[in-house]
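The structure appears right after this line, and notes come after that.
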Amino acid sequence: MPELPEVEVVRLGLAPAVTGATVTNVEVFDERSLRRHDGPAEDFTHRLDGATLRSPSRRGKFLWIPLEPDAGPAREALSLHLGMSGQVLLREPDAPRDRLTRVVIALRHPEHGPLRVDFVDQRIFGSVMLEHLDAAGDVPDERIPASVAHIARDPLDPRFDDERFFDALARKKTVIKRALLDQTLLSGVGNIYADEALWMSKVHPEQPTATLSRRRARELLAAIRDVFGQALAEGGTSFDAQYLNVNGESGYFSRSLKAYGREGEPCLRCGRPIRRVSFMNRSSHFCPHCQRLR
DNA sequence: AAGTAATCCTGATCGC
DNA sequence: TGCGATCAGGATTACT
């Protein structure tokens, strides 16, 4: 499932294609993908049609493309969240559509000509919407969508405050994996990269956050950045401008996973079998030998 | 404040 | 061959 690296690969792929392009047509094939848009599909279609797009931004797993305003700072953005199974595909204008395409946005770029942005989503947990951009508060001139306001910065954000994150962990009365998945503490981490970062830093997923030493918390945060960077590097190498594959399940990043999905297979450090346990209605994969509760 | 459960969903897979 | 059950879970909301 798409987490920060996958969403960033989408952003990087979209940037040259959409920046400065004008929307020439919008088609909604399944209104459920607009569930989070405040208004009917026609409202979405009419407001987006004719708009000129700016360079896309991202925080955690949230992606948005500001619309060029008549004057002053951008006030509106096209927001996308991939949910569990969302994909964004760049296509030629007359290319066939994937069966699971929910929304199609046709563009004309001043240099590259016409092209299509297809939002494909099997499980429809993802969403597309138009929403307001508001001042972020802590940084002048930074504007973020309303749906992102309550999300913490992600660990690749230069303004992410490491010490503040450690302080929050020390105060929390919960276990570390739950904290990693809490997007208000830090954003961008999902089930797969949580397991990977915990394995890499040898932290047990159910270690209470308050008992994690500052030093181990620091190692864990470094591991998150490592795992993200590695996935980004892989996504970068297999990136194709015509096809932005972000399907994590069959996706390319799975090649280097050390814990997730490896139940019963030998731990790549100690050789003992990786265990899988049920946790928060999902799965945790970890090495019971390397990752001890302390 | 923390944790649980329900909600939103469909395609792939598996047992019978 | 087909059919029902199971699984994959990110974010949000409503409760306890």
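First the proteins, then the strands, lettered A, B, ... as listed; each starts at 1.
- Considering only side-chain N and O atoms, A:R282 lies nowhere under 4.0 angstrom from the phosphate OP1 or OP2 of C:dC7.
- Rounded to whole angstrom, the span from the CZ atom of A:R36 across to the C1' atom of C:dA11 amounts to 7 Å.
- What separates NE2 of A:H285 from P of C:dA8 is a distance of 8 Å, to the nearest Å.
- Atom CG in A:L63 sits about 13 Å away from atom P in C:dA11, given to the nearest Å.
- Contact between the side-chain N/O atoms of A:Q183 and the OP1/OP2 oxygens of C:dG10 is not found at any separation under 4.0 Å.
- At least one side-chain nitrogen or oxygen of A:Y260 sits closer than 4.0 Å to the OP1 or OP2 atom of C:dG9.
- The residues A:R159 and A:D157 are annotated as not salt-bridged, no charged nitrogen and carboxylate oxygen being separated by less than 4.0 angstrom.
- A:D161 is linked by a salt bridge (charged side-chain N to carboxylate O under 4.0 Å, His left out) to nothing, counting only residues two or more places apart in sequence or in another chain.
- Using modelled atom types, one side-chain atom of A:D154 and one backbone atom of A:G60 make a donor-acceptor pair closer than 3.5 Å.
- A salt bridge between A:R153 and A:E142 is present, with a side-chain N of the basic residue lying under 4.0 Å from a carboxylate O of the acidic one.
- Across all strands, A:L181 comes closer than 4.0 Å to no nucleic acid atom at all (heavy-atom distances).
- What separates CG of A:L82 from C1' of C:dG9 is a distance of 14 Å, to the nearest Å.
- A:D121 is linked by a salt bridge (charged side-chain N to carboxylate O under 4.0 Å, His left out) to nothing, counting only residues two or more places apart in sequence or in another chain.
- Scored by the salt bridge (charged side-chain N to carboxylate O under 4.0 Å, His left out) test, A:R225 finds A:D162 as partners (sequence neighbours excluded).
- One N or O donor and one acceptor, one from the side chain of A:R123 and one from the base of C:dA8, sit under 3.5 Å apart.
- Per the geometry, CG belonging to A:D98 stands 15 Å off P belonging to B:dT10, to the nearest Å.
- For the pair A:H150 and C:dT12, the criterion of a side-chain N or O lying under 4.0 Å from OP1 or OP2 is met.
- Note on A:S127: nothing from the nucleic acid sits closer than 4.0 angstrom, heavy atoms only.
- Here B:dT10 presents its C1' atom at 9 Å from CZ of A:R32, a figure rounded to the nearest Å.
- Atom CD1 in A:I124 sits about 11 Å away from atom C1' in B:dG11, given to the nearest Å.
- Mapping A:M280 and A:D30 onto DNA chain B via the closest heavy atom, the residue that lands nearer the 5' end is A:M280.
- For B:dG3, one of the phosphate oxygens OP1 or OP2 lies less than 4.0 angstrom from a side-chain nitrogen or oxygen of A:R178.
- Between A:S283 and the phosphate of C:dG9, there is a side-chain N or O to OP1/OP2 separation shorter than 4.0 Å.
- Between A:K61 and C:dG10 there is no side-chain polar atom (N or O) within less than 4.0 angstrom of OP1 or OP2.
- From A:R11, atom CZ reaches atom CD1 of A:I65 across 10.5 Å, with rounding to the nearest 0.5 Å.
- The side chain of A:M84 sits closest to C:dG10 out of B:dT10, C:dG10, C:dA11.
- The separation between A:Q122 atom CD and C:dG10 atom C1' is 14 Å, rounded to whole Å.
- In the hydrophobic clustering, where aliphatic and aromatic side chains (Ile, Leu, Val, Met, Phe, Trp, Tyr) are joined below 4.5 Å either directly or transitively, A:V277 groups with A:F286.
- Within the 4.0 angstrom heavy-atom criterion, no nucleotide atom of any strand lies near A:E3.
- A salt bridge does not link A:E219 to A:R214: none of the charged side-chain nitrogens sits closer than 4.0 Å to a carboxylate oxygen.
- The C1' atoms of five pairs define one axis at each end of the helix from B:dA2-C:dT16 to B:dC16-C:dG2, and these two axes lie 50° apart (to 10°).
- The ring of A:F125 lies on top of the base of C:dG9, close enough and flat enough: under 5.5 Å between centres, under 30° between planes.
- Annotation for A:R164: atom CZ does not count as buried by contact number, only 12 or fewer foreign heavy atoms lying within 6.0 Å.
- The side chain of A:H81 places no N or O atom within less than 4.0 Å of a non-bridging phosphate oxygen (OP1 or OP2) of C:dG10.
- With values rounded to the nearest 0.5 angstrom, A:S85 atom OG is found 9.0 Å from A:L82 atom CG.
- Heavy-atom distances under 4.0 Å link DNA chain B to A:K172, A:K173, A:T174 of residues 164-174 of chain A, given in residue order.
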